[in-house]
Amino acid sequence: MGPAASPSQAASASRYPHVFSPLDLGFTRLKNRVLMGSMHTGLEEAEDGFHRLAAYYAERARGGVGMIITGGVYPNREAGRGSKLSTPAEAEQHREVTEAVHAADPEVKICLQILHTGPLAGTPDCVAPSALKSRIGRYTPNALTEEGIAQQIADFAQCARMAQKAGYDGVEIIGSAGYLISTFLVQKTNLRTDRWGGPWENRMRLAVEVVRAVREAVGPDFILIFRISAMDMLEGGLAWDEVVGLAQAIEAAGANMLSTHFCWHEAPVPTIATMVPRAAFTSVTGRLRQVVGVPVITSNRINMPQVAEDVLARGDADLVSMARPMLADPELVNKAREGREDEINTCIACNQACLDHTFTGRAVSCLVNPRACNETTLNYLPTSQAKRIAVVGAGPAGLAFSTVAAQRGHQVTLFDAASEIGGQFNLAKQIPGKEEFHETLRYFRTMLAKRGVTLRLQTQVDVAMLQAEGFDEVVIATGIMPRTPDLPGIDHPKVVSYLDAIRGRKAIGQRVAILGAGGIGFDVAELITHTGASGALDLQVFSREWGIDFQNHPRGGVTGVLPQVTPSEREVWLMQRKTDAVGKSLGRTTGWTHRTVLQRRGVHMVAGVEYLKIDDAGLHTRIDGEPRLFPVDTVIVCAGQTPLRTLFDQLQAAGLPARLVGGAYEAAELDAKRAIDQASRLAAEV
């Protein structure tokens, strides 16, 4: 048993009675209703991966979750080329992880996710029910023979057996997302005519047999979770009666819990991006919960304690899964129990350092918390020599440096010429679909106060001031200034900088050219073409925009008709000099959503543009060697940035040492991920 809660903690926990209610499974008990969902980190394949994973998961166990689901582990080599578990030697490696978690909190359960990626394995040996290449797969899979299917089932059971040997409390079998099991379930990917294909009872046979074999391998007193695709978000996906039938069959085969999943990886519907409303899909889980007798887990965009409490109170689920939020703040649950919600470093669902890294083969971390997955290498230890440090610039880099340095014991004064903290975050929060940045700013405001940082806003800093106040260290985090291209007519009245466009300082006409199609250009295009409520804040708007039918739940959950998008009142051309496809440089897991939204609003995306001049007639260009005039009313310049280093240069000239972080250090693109990471690492060392 853990330590008894203090009266204040008990009072705080009472605000979340459902979250902090234990769950009795008969043979074991979960201390609360929050689990850390599965998320591949890249540490699984690292040279010292198990040591780093142990520290990573142990920190989350100390943070208060009731259960942890590991990143996916393969049962055999057809399943993928990453971390595999099928032998006693491999089980012994995993024991470092399970022992670390149980030492951190004996009440916390940790389950291994068994992942067979099927046609998405990225290896020529990949397998599937039929030799059909996935739209996002690298290879055409090999159609499994009857013997091959039997071997796959045996390998699932062996993986579970070895997980039990390694000290895990259970396993989760993933049967969704376009991975192996789900491709057997869906008729469009299962063309078989034997007992594993055709009618529904045949197509669901593999899922049921895998669960049955795993239960037989591990016995009754071992958690067995099946991750079911409750809504595929895919035309031709599962019908609702099939979802229900599968859930009931999986329960009968021996599963202790069902974890609902939404969307195949290739589905053209966002489910994890910041544009998705909080808890958007939990009502689907709630419907499933009514027809099964085992606890049901829900997920996706549940990022704060009150969201979790509301989901549970509505009866939408028995437990909530929070994966990325545990990257952002491993202490989220403890902070909720102790009434420290304002100190939660909220997941903003940007995906930039987590899922974008996963799908490009890089180690995972977190934009707002660079310690995530770096627990053995990045630590904020108390300083042995407290210094007086001036930080100039309260954007992402300045905020991160100030809070970490102050946490370590330094006396930090943070200056900014603006009237509020945030820098570029104050631009991001204005963009429809990026409202979560308000949470990041709330977190930093809270932590500046908690860490005792002296905040001096509306203050112009110069060399004389810094000299007079006698700081031991000066950190320049002054950010960037927009780059002004050398273009005839760039000072024409119809030209507007992206700063003025986002802040609403200048009127925007009905025909607009945006020069630059990086992240800022897309944000500006989103802002000026958006009308009505933000889909990120209104589930009905989101559903219409992406063709989801939550009420009727047609096959796959999608209507199959063109999504209802409010057309833009403006005609907009989003342009770039590069000849690559417009938007190619955007994030791997979210870029396609931004491109899709703008295309549906009628935004013209033009690549390979040579800008010639701007005049009363509009924007003169050359494309493919041919002159072309765009008769626009407004030209918004999003042509990159340059570091704002004036103060740094003045300090250097005066012989005063200073350090550069964030955009002031490098401004190739506004990159909060890099800025926060760099600033946090510097603060850990100073």
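- In this structure, a donor-acceptor pair under 3.5 Å is absent between the side chains of E526 and H594.
- The main-chain N or O of I272 is found under 3.5 Å from a side-chain atom of R324 such that the two form a donor-acceptor pair.
- Using a distance-only test at 3.5 Å, with no hydrogens or angles considered, a donor-acceptor pair links the side chain of E44 to the main chain of G42.
- Between Q113 and S38, the side chains place a donor N or O and an acceptor N or O closer than 3.5 Å (distance only, hydrogens not considered).
- In this structure, R588 CZ and F359 CZ are separated by 7.5 Å, a value rounded to the nearest 0.5 Å.
- A salt bridge between R15 and E309 is absent, with no side-chain N of the basic residue lying under 4.0 Å from a carboxylate O of the acidic one.
- C350 meets the side-chain contact (heavy atoms from CB on, under 4.5 Å) test with I348, Q352, L367; sequence neighbours excluded.
- Here the side chain of N379 pairs no donor or acceptor atom with the backbone of L381 at under 3.5 angstrom.
- Counting non-hydrogen atoms of neighbouring residues, nucleotides and ligands closer than 6.0 angstrom, the NE2 atom of H438 exceeds 12 such neighbours.
- Among residues two or more places apart in sequence or in another chain, the side-chain contact (heavy atoms from CB on, under 4.5 Å) test is passed with N426 by E420, K429, L441.
- Residues M322 and V34 come closest through the heavy atom pair SD-CG1, 3.8 Å.
- E338 places no side-chain N or O within 3.5 Å of a backbone atom of R340 that could act as its donor or acceptor partner.
- Legend: residues meeting side-chain contact (heavy atoms from CB on, under 4.5 Å) with L656, ordered by chain and number and at least two apart, are V463, Q467, L651, A654.
- A side-chain hydrogen bond (donor to acceptor under 3.5 Å, both in side chains) check over residues 514-525, counting only residues at least two apart or in different chains, returns the pairs K434-D523.
- Salt-bridge annotation for K673 and D677: absent, with no side-chain N of the basic residue lying under 4.0 Å from a carboxylate O of the acidic one.
- You'll find the side chain of E666 stays beyond 4.5 Å of the side chain of P643, heavy atoms only.
- At a threshold of 4.5 Å between non-hydrogen side-chain atoms, the residues Q460 and D416 do not count as touching.
- Between the side chain of R301 and the main chain of V276, a donor-acceptor pair closer than 3.5 Å is present.
- When the shell of 6.0 Å around CZ of F648 is examined, it contains more than 12 heavy atoms from other residues, nucleotides or ligands.
- A side-chain donor-acceptor contact under 3.5 Å links N334 to the backbone of R62.
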Verify salt bridge (Lys or Arg N to Asp or Glu O under 4.0 Å) between R52 and E375, making sure each step is shown before the conclusion.
CA-CA 7 Å; R52 294 178 64 184; E375 290 78 11; over 6 Å; no
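- Note on ring orientation: taking the six-membered ring where Trp is involved, the planes of F425 and F437 are tilted (angle from 30° to 60°).
- A side-chain N or O of Y16 and one of E341 form a donor-acceptor pair less than 3.5 Å apart.
- Side-chain contact annotation: H102 with K109, donor-acceptor N/O pair under 3.5 Å absent.
- Between R442 and E435 there is no salt bridge, since none of the side-chain N atoms of the basic residue sits less than 4.0 Å from a carboxylate O of the acidic one.
- Under the side-chain contact (heavy atoms from CB on, under 4.5 Å) criterion, N369 pairs with R60, P330, N345, C366, R371, A372, sequence neighbours left out.
- Considering every non-hydrogen atom in both T459 and F415, the closest pair reads CG2-CD2, 3.9 Å.
- Using a cutoff of 4.0 Å between basic side-chain nitrogens and carboxylate oxygens, K31 and D105 are scored as salt-bridged.
- The backbone N or O of G393 lies less than 3.5 Å from no partner atom in the side chain of T478, so there is not a single donor-acceptor pair.
- The ring pair (Phe, Tyr, Trp, His ring centres under 6.0 Å) analysis of residues 449-483, with sequence neighbours excluded, yields no pairs.
- Of the inter-residue distances, the one linking H410 atom NE2 with R451 atom CZ reads 13.5 Å to the nearest 0.5 angstrom.
- Summarising the geometry, atom OG belonging to S497 is positioned 13.0 Å from atom CE belonging to M481; distances are rounded to the nearest 0.5 Å.
- For the residue pair T589 / N351, a side-chain donor-acceptor distance below 3.5 Å is found, with atom types taken as modelled.
- A 6.0 Å sphere centred on CG of D48 holds more than 12 heavy atoms belonging to other residues, nucleotides or ligands.
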